[in-house]
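Read the structure below first, then the notes.
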Amino acid sequence: MILTESFYRRENVVQIAKELLGKLLVTNFDGERTSGIIVETEAYAGVSDKASHAFGARRTKRTEVMYASGGIAYVYLCYGIHHLFNVVTNDKDVPHAVLIRAVEPVTGLDTMLHRRKKEVLLPALTAGPGAMSEALGIKTTHSGISLLSKEIFIEHTDTVIGESDIVCGPRVGVSYAQEDALLPYRFYIRGNRFVSRPKTG
DNA sequence: CAAACGATTTTCT
DNA sequence: GAAAATCGTTTGG
């Protein structure tokens, strides 16, 4: 069962980030279907969040898609190399988003290995926002695409994540955001091998 | 028009 | 553990 607009268009982006854990992210690009269970997310709370591209109601061509109604993808290029995938939430003109940082591979393993130029399945295949996007074939050209489309969507699974299996902590790579860098907006599934490791590896 | 800067990953020491 | 790779977006002149 696919997540619908009512899931994305809610107000509490932190709550949505937490609920996305255990859901299945599916892409259908180039006739290849790939998917994975979401195991790590981060919330970006729009205009009041210094770590967000939309902080202070900054509105540019790149961030414009975050101001649309929830239920679409926001993809941007980071460090000139990595395509980072976000889910836009809340209503129109409220630029909230959830960064999907890692998934556990489920469908299309061969396709993902090929895209990542890897031979064997290791957590590094999809652990981390840049790696995950590459494995699923997500690029900046997909920014603004609907998550209710056949090319990319998120669906419910039988995997139920209990409150005790969710770990929260500060976000990764946002030290420039000063006091907001400490907010517990990062969520991941306790003990999952495919969760990314900040710093030490 | 020029220049600095990342919501990162990989590779080398 | 440190550093390079690499480029679109944003900001300043």
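Just so it is clear, the model here is predicted, and its values are computed rather than measured. Lettering of chains follows the sequences in order, A, B, ..., and the numbering in each one begins at 1.
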Gap between atoms NZ and C1', on Lys118(A) and dT11(B) respectively (whole Å): 11 Å
Nearest-nucleotide pick for Arg62(A), side chain only, options being dG8(C), dG6(B), dT10(C): dT10(C)
Distance below 4.0 Å between Arg101(A) side-chain N/O and dT8(B) OP1 or OP2: yes
Gap between atoms CG and P, on Leu77(A) and dC5(B) respectively (whole Å): 17 Å
Ring-base stacking, Tyr44(A) with dA7(B) (5.5 Å, 30° cut-offs): yes
Nearest-angstrom distance from the residue atom CD1 of Ile138(A) to P of dT8(B): 16 Å
Phe187(A) CZ - dA7(B) C1' separation (whole Å): 16 Å
Selected nucleotide, minimal atom distance to Cys78(A) side chain, candidates dT10(C), dG6(B), dT10(B): dG6(B)
Nucleotide nearest Thr60(A) (side chain, heavy atoms from C-beta), chosen from dT10(B), dT10(C), dT8(B): dT10(C)
Short side-chain to backbone donor-acceptor contact, Thr159(A) and Lys23(A), under 3.5 Å: no
Whole angstrom value for the distance that separates P of dA7(B) from CG of Asp180(A): 14 Å
Protein-nucleotide distance (Lys61(A), atom NZ; dC7(C), atom P), rounded to Å: 19 Å
dA3(B): pairing nucleotide in any strand, Watson-Crick or G-U under 3.5 angstrom: dT10(C)
side-chain N/O His53(A) vs dA7(B) OP1/OP2, d < 4.0 Å: yes
Phosphate OP1/OP2 of dG8(C) contacted by Tyr79(A) side-chain N/O (<4.0 Å): no
No-hydrogen, no-angle side-chain donor-acceptor test under 3.5 Å, Thr63(A) and Thr60(A): yes
Whole angstrom value for the distance that separates P of dT10(C) from OH of Tyr176(A): 13 Å
Complement of dC12(B), any strand, by Watson-Crick or G-U distances under 3.5 angstrom: dG1(C)
Nearest-nucleotide pick for Ala131(A), side chain only, options being dT9(B), dA7(B), dT10(C): dT9(B)
Parallel, tilted or perpendicular: rings of Tyr74(A) and His53(A) (30°, 60°): perpendicular
Hphob cluster co-occupancy, Leu121(A) + Val195(A), side-chain heavy atoms under 4.5 angstrom: yes
Same apolar cluster: Val26(A) and Val88(A), side chain cutoff 4.5 Å: no
Touch class at under 4.0 angstrom, heavy-atom based, for Ile81(A) against every strand present: base
Sugar-phosphate, base or nothing in reach of Arg116(A), heavy atoms under 4.0 Å: sugar-phosphate
Separation of atom CG in Leu99(A) from atom C1' in dG6(B), rounded to whole Å: 14 Å
